[in-house]
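Comments concern the structure below.
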There are 2 protein chains.
Amino acid sequence: MEHAPRQNLGISAYHWLKRDIIRGTFQPGQKLLMSRLKERYDLGIGPLREALSQLVAERLVVAISQRGYRVAPMSLAELADLYDARAQIEGLILRLAIERGDDAWEADILATAHTLAKVVEVNTSDELLDVWDTRHKAFHTAIASGCDSPHLLQVRQSLFDKVERYRHLWLRETVLSEAALEAKRSEHAALVDVILRRDAERAARMMRDHLMTPVPIITEVMQRQGIA
Amino acid sequence: MEHAPRQNLGISAYHWLKRDIIRGTFQPGQKLLMSRLKERYDLGIGPLREALSQLVAERLVVAISQRGYRVAPMSLAELADLYDARAQIEGLILRLAIERGDDAWEADILATAHTLAKVVEVNTSDELLDVWDTRHKAFHTAIASGCDSPHLLQVRQSLFDKVERYRHLWLRETVLSEAALEAKRSEHAALVDVILRRDAERAARMMRDHLMTPVPIITEVMQRQGIA
DNA sequence: AACATCAAGAATATCGACAAAGGATGACAT
DNA sequence: ATGTCATCCTTTGTCGATATTCTTGATGTT
């Protein structure tokens, strides 16, 4: 049997830390004690520093010389700018995708849209959220991939990583009602329709609006939790 | 007197390494021997790994597990995609800047455009290139900053960092003739003109074209040097 | 004779532990 | 109550052991 390509501990530590920061296990602004991390992940200091350095480059962690590492703070200002930037980038990518996408691209959009729309058999709420979120991501990724530019997709991904902390806040606080789900469903259907009609300008505007809808809700959640 | 905030060795190593990679001191694809780096920068392994991790996150260095680090390879495919992505992003940012920029923004554009246009008193060729390049960057940064979005500007910066290796190739190979300089000057003047007239669509198109002009030249240089 | 395969040795990356330097917190004195 | 000092904790840099990988040379096969 072929061994998994045994990635080194630094990479693993990076993924675990990133996951825990995004899921809110470590609070924004919290100090990341080496001793705590060491016992939590059962690792040496070397791999941890390596992982933290990468997260600093991604702006998920901030480093202060001689004073260690802290989780990057969250703020309403960052929320607003981040979502705005992401909406603009997604709009740009969509415009290019409509310009450049081929038949396989269209087929992929229809396929992922279909599986996303089929999320109705609600079991537990948690499981619903997980499934819905996964398929939602796949749907949007399918749309974006039509732009056919690795670097633009990479930019998109990096913004998405930064957004995920805020999105997570939203997903955890929001119970997706049947009504809300239906509203999203129709938004997505309209989006698919406009995209397949290759109406770039209108599609980009719809995408931007679609992506900005969570902002007021997240703002409210943050103010309630005093993260302001 | 205030002390310089004595940054740790990892940060310093990061800057030195980045500079040497961008300037081509380390060839694309070249293996980065720890022993070589150790003696070159007179540092231990810890800080070096820290710096390399950050460069991996920026995609300027690639890490292969258990097989060390290599300088990220350069290719014609990456050149094309990178410049395309950058041109699209700059176009987007410019459109937003025209929408959102205020009087101070306009003033800053005029100021930096003026200092850039004044680069005529040619001394040594190297010095000319340095001065021109610095002012050129300042000019474009002034334009972009009008979008008023830290995250978009950060995306722009990260793409620029990746582009710099290719740009450096261009700047080193190209002797800026008086004719070429004059051509650039008129392009910039036209750009400023359209921006101040707030013609977003036309300005974005001009900016994209302006940024794509070096691509054929760089392509030729790379083919000649066999980096293809 | 040339090429592929394999094995042994050397080099290198990777990890954990140890020592030094710099801040932060708390107590004590004024 | 405030300023100063001492102690503790944390970060930071280097060193040494271990496991993995690359290279080189020899052997067998075509």
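Quick note on labels: first sequence line is chain A, next is B, and so on, each numbered from 1. Atom set for the values below is all heavy atoms of this structure, side chains included, hydrogens, waters and symmetry mates excluded.
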* Using a cut-off of less than 4.0 Å, is there contact between a side-chain N or O of B:Arg67 and OP1 or OP2 of C:dT12? -> no

* Asked: Base, sugar-phosphate, or nothing: which does A:Gly46 touch, judged by heavy atoms less than 4.0 Å apart?
  -> nothing

* To do: Identify whether the distance between the nearest side-chain nitrogen and carboxylate oxygen of B:Arg100 and A:Asp84 falls below 4.0 Å.
  => yes

* **Nearest to side-chain heavy atoms of A:Leu33, which nucleotide of D:dT11, C:dT12, D:dC22** => D:dT11

* Structure fact -> In whole angstroms, the gap separating P of D:dT12 from CG of A:Leu32 amounts to 12 Å

* Nucleotide nearest B:Arg49 when distance is taken to its side chain, options D:dT12, C:dC15, C:dT14 -> C:dT14

* Spacing between B:Ile64 atom CD1 and C:dT14 atom P, to the nearest angstrom -> 11 Å

* **Check: A:Trp105 side chain, A:Ile143 main-chain N or O, donor-acceptor pair, under 3.5 Å** => yes

* Asked: Is any side-chain heavy atom of B:Trp170 closer than 4.5 Å to a side-chain heavy atom of B:Val221?
  -> no

* To do: Report which part of the nucleic acid B:Leu48 touches: base, sugar-phosphate, or nothing (heavy-atom distance under 4.0 Å, all strands).
  => nothing

* Whole-Å distance between C:dT14 C1' and B:Tyr69 OH? -> 10 Å

* To do: Round to the nearest Å and state the distance from A:Met34 atom CE to D:dC8 atom P.
  => 23 Å

* Asked: Would you say A:Asp103 has more than 12 foreign heavy atoms packed within less than 6.0 Å of its CG?
  -> no

* For A:Ser35 and for B:Leu43, find the nucleotide of DNA chain D with the closest heavy atom, then tell me which residue's nucleotide is more 5'. => A:Ser35

* Should A:Glu164 and A:Arg23 count as an ion pair when the cut-off is N to O under 4.0 Å? -> no

* Whole-Å gap separating P (C:dC15) and CD1 (B:Ile45) -> 12 Å

* **Integer-rounded Å distance: C:dC15 P and A:Ile11 CD1** => 9 Å

* **Whole-Å distance separating the CD atom of A:Gln66 from the P atom of D:dT12** => 6 Å

* B:Arg36 CZ to C:dA11 P: how many Å, rounded? -> 13 Å

